[in-house]
Amino acid sequence: MAVPDASKVRVRIAPSPTGFAHLGTASTALYNALFARANGGTFVLRVDDTDLERNRPEYELVIYDALHWLGLDWDEGPDKGGPDAPYRQSERRDLYREHAARLLGEGKAYRCYCTREELDAERKQAQAEKRPYKYSRRCLGPDAPKDRTEFAVRFKVPGGEVKFKDMIRGDMSFDADLIGDFIIVKSDGYPTYNFASPVDDAAMNISHVIRGEEHLSNTPYQLMIVDALGYPRPVAYAHMPLILAKDGAKLSKRKHPEANLILYREEGYLPEALINYLALLGWNPGTSQEIFTFDELVLAFSFDRVQHAGARFDWEKLNWINGEYIRRLDDEELAQRLKPFLPKLDDATIRRAVPALRTRLPKLKAAAELLEYLWTEPPAPQLEPEAAERVRAAMAVLKELPWEPEPIHEALMGVVEKSGLGPNKTFMPVRLAVTGKKISPPIDYTLALLPKDVALSRLQRAVGGSA
RNA sequence: GGCCCCAUCGUCUAGUGGACUAGGACGCGGCCCUUUCAAGGCUGAGAUCGCGGGUUCGAAUCCCGCUGGGGCUACCA
């Protein structure tokens with residue numbers, strides 16, 4: 001084991017490979033990464049795969065992929081190795097077994113042969129009598145069931161007061177007399193979360209435990225394990241406010257699509273925009289700055305400006321931030337990022353479209369709707385005679401033009417002027433004829449992006465007749 | 001039920017006893033710009049600071065109670 005060095009900042013995240021990359025994991029990873037970077041520390045990724053039912057090895061990739069996309073990179077992990085390898089809890093079972101044996105040997109833990117049914121009955125009984133439930137310690141006494149072979153290991157909770165420091169909430173204190181003896185090793189031989197986590201944190205010299213608020217009440221459990229094992233406790237904890245759904249409920253993957261990180265990439269949110277939004281959910285810089293690069297966040301972030309209450313997720317604000325980031329991208333960069341969302345278009349066309357797209361995209365995927373007319377044949381519009389006349393006038397000048405936005409713009413303005421009518425009297429029927437929609441990029445771009453012959457034939461078709 | 005955390009515009013938040021007729025951002029309304037849609041500029045509405053008691057000359061800010069929300073209380077993490 002590495003020599004503990006209290007001055008060194010080491011933080012970790014410990015996601016479970018359930019086949020789903022959760023928004024909360026990104027949020028926690030972000031705060032850990034920020035803290036590590038700000039303190040010249042190390043960011044560890046540990047895979048918490050102790051639930052045989054739910055976890056699949058191949059699901060690790062889903063998490064790596066999402067975190068990489070967000071640019072949240074770790075220094076040590078199952079895929080990278082490191083001084084405290086292995087970083088997969090399923091591969092650290094000897095360590096947990098060893099520690100459980102030690103606790104067992106010292107009388108700080110004991111085998112529990114109770115069945116789930118018996119335990120359920122105990123719990124229901126307590127509930128019926130309106131008394132707080134704690135395990136009865138049956139297996140510690142003379143009533144312990146004999147001739148059974150399957151057992152779990154329980155930690156013998158010493159009771160008393162458990163105190164610790166939370167960087168967000170200050171001094172915390174829990175009454176451990178209220179905590180029943182909890183299971184640390186399941187009957188399948190795997191450790192439970194509240195055992196594996198503190199053992200690993202100690203073994204990996206984790207200095208600061210930064211995680212979601214749902215773990216606040218777990219902390220006394222884990223601290224008792226650390227103490228019983230004689231390890232130094234982490235320097236401090238930080239329990240981040242939860243991200244809530246729009247309706248104020250906890251984000252669940254079943255009910256709330258926004259819980260799924262993959263969705264953001266698919267919809268065309270920029271990773272740096274999501275990071276920015278996540279940072280602002282539950283934290284604020286104390287200034288009016290809203291847009292932050294990662295490096296700026298490293299400098300500005302501090303736990304004492306973290307909110308204590310859960311924060312609701314808001315698509316509108318995310319869309320705004322994402323739009324801000326999109327508008328700030330230069331042409332080439334925006335074209336590159338747009339490519340996956342416009343598979344039907346060649347690079348040159350995308351590049352030509354970019355200036356017309358920039359201020360119109362709350363997310364990259366919106367480009368597809370705006371440019372759909374380039375790869376689909378729109379229905380021919382029904383034009384009023386007056387509108388058809390405008391289209392004919394436009395066609396007349398368009399025919400002789402170099403096919404670029406500027407000349408198209410100038411020529412069309414000439415047509416508008418001659419008509420003595422508002423520009424929209426000409427532009428809207430042209431737009432309708434070419435795209436089939438009332439909304440499109442500016443008309444000069446709308447036309448120029450289409451091959452000239454295609455554009456003209458659509459106009460011709462709209463006024464009745466062939467080209 | 002028990003324990004713990006929390007509570008300011010619809011949402012994210014500023015605010016740490018007097019500068020608060022409670023500020024900003026998103027969203028929403030209006031106006032301007034304009035070629036549709038955006039973007040941009042200006043502007044407006046929107047919170048009796050969850051409720052009730054205290055403390056104080058004075059409370060969004062401190063204390064107590066209540067209510068409401070969330071978490072933990074699993075051989076899930």
Side-chain angles (χ1 to χ4, degrees), chain A residues 14-16 18 48-51 53-55 112 114-116 119-120 123 126-134 150-154 166 168-169 172-180 182-194 196-197 212-221 239 241-242 244 246 248-250 277 280-290 305 307-321 323 327 356-362 366 370 409 412-413 416 422-428 430-432 435 437-444 446:
Chain A
S16 291
T18 60
D48 191 340
D49 56 352
T50 57
D51 185 350
E53 303 278 307
R54 288 163 55 199
N55 300 161
C112 176
C114 296
T115 64
R116 288 171 205 256
L119 261 13
D120 276 349
R123 204 166 340 190
Q127 230 160 35
E129 292 169 22
K130 292 196 184 295
R131 131 181 92 73
Y133 175 69
K134 272 173 74 172
E150 192 172 289
F151 65 89
V153 179
R154 274 186 197 273
D166 188 284
I168 296 167
R169 282 155 231 273
M172 301 297 308
S173 170
F174 286 83
D175 182 0
D177 291 334
L178 270 13
I179 298 175
F182 56 94
I183 288 171
I184 57 176
V185 181
K186 301 182 262 185
S187 53
D188 64 8
Y190 278 81
T192 57
Y193 167 73
N194 275 330
S197 183
E213 201 204 304
E214 71 265 35
H215 294 302
L216 189 55
S217 327
N218 284 323
T219 307
Y221 291 69
H239 290 95
L242 257 23
L244 272 18
K246 185 90 184 163
K250 188 186 172 188
Y277 177 65
L280 255 23
L281 250 197
W283 170 83
N284 78 82
T287 66
S288 59
Q289 184 175 358
E290 300 253 21
R305 294 203 67 89
Q307 209 69 19
H308 294 192
R312 294 183 200 214
F313 182 90
D314 180 18
W315 283 110
E316 300 296 342
K317 182 95 181 206
L318 206 216
N319 285 340
W320 174 74
I321 289 180
R327 273 166 243 137
L357 255 22
R358 171 168 287 104
T359 62
R360 295 176 167 78
L361 304 177
L370 244 19
H409 178 253
L412 251 24
M413 285 315 282
V416 165
N424 217 25
K425 292 285 187 214
T426 299
F427 294 163
M428 191 50 85
V430 170
R431 172 173 286 119
L432 235 30
T435 70
K437 296 177 181 178
K438 285 187 192 148
I439 295 172
S440 85
I443 200 65
D444 44 358
T446 297

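Residue numbering restarts at 1 for every chain, and letters A, B, ... go by the order of the sequence lines.
Legend: residues meeting ring-ring contact (aromatic ring centres under 6.0 Å, His included) with F313(A), ordered by chain and number and at least two apart, are Y277(A), W315(A).
Considering only the side chain of Y221(A), rU73(B) comes nearest among rC75(B), rA14(B), rU73(B). Proximity note for M172(A) (side chain, C-beta onward) versus rG10(B), rC4(B), rU36(B): the nearest is rC4(B). Here the side chain of P442(A) is nearest to one of rC75(B), rU36(B), rC12(B), namely rU36(B).
Using P as the reference atom, rG24(B) and rG44(B) are 10 Å apart when rounded to the nearest Å. Rounded to whole Å, the separation between the P atoms of rA74(B) and rC12(B) comes to 31 Å. Using atom P as the reference point in both rC63(B) and rG27(B), the two lie 37 Å apart (nearest Å). Look at the C1' atom in both rC32(B) and rG69(B): the space between them is 44 Å, to the nearest Å. rA22(B) and rC9(B) are spaced 10 Å apart, taking the C1' atom of each and rounding to whole Å. Across rC20(B) and rU55(B), the matching P atoms stand 27 Å from one another, rounded to whole Å. Rounded to a whole angstrom, the distance from the C1' atom of rC62(B) to that of rG18(B) is 15 Å. Nucleotides rC76(B) and rA39(B) are separated by 50 Å at their P atoms, to the nearest Å.
Judged by Watson-Crick or G-U wobble contacts below 3.5 Å, the nucleotide rU36(B) has no partner. rC75(B) makes up no base pair with any nucleotide shown, lacking Watson-Crick or G-U wobble contacts both under 3.5 Å. Using N1 to N3 plus N6-O4 or O6-N4 for Watson-Crick, or N1-O2 and O6-N3 for G-U wobble, each under 3.5 Å, rC42(B) pairs with rG30(B).
Residue R431(A) is classed as a base contact, given a heavy-atom separation below 4.0 Å to a base. Using a 4.0 Å heavy-atom cutoff across all strands shown, R169(A) reaches sugar-phosphate atoms only and no base atom. Within 4.0 Å of G422(A), counting heavy atoms only, lies no atom of the nucleic acid at all.
Of the side-chain N and O atoms in H308(A), none sit less than 4.0 angstrom from OP1 or OP2 of rC5(B).
The residues K250(A) and E213(A) are annotated as not salt-bridged, no charged nitrogen and carboxylate oxygen being separated by less than 4.0 angstrom.
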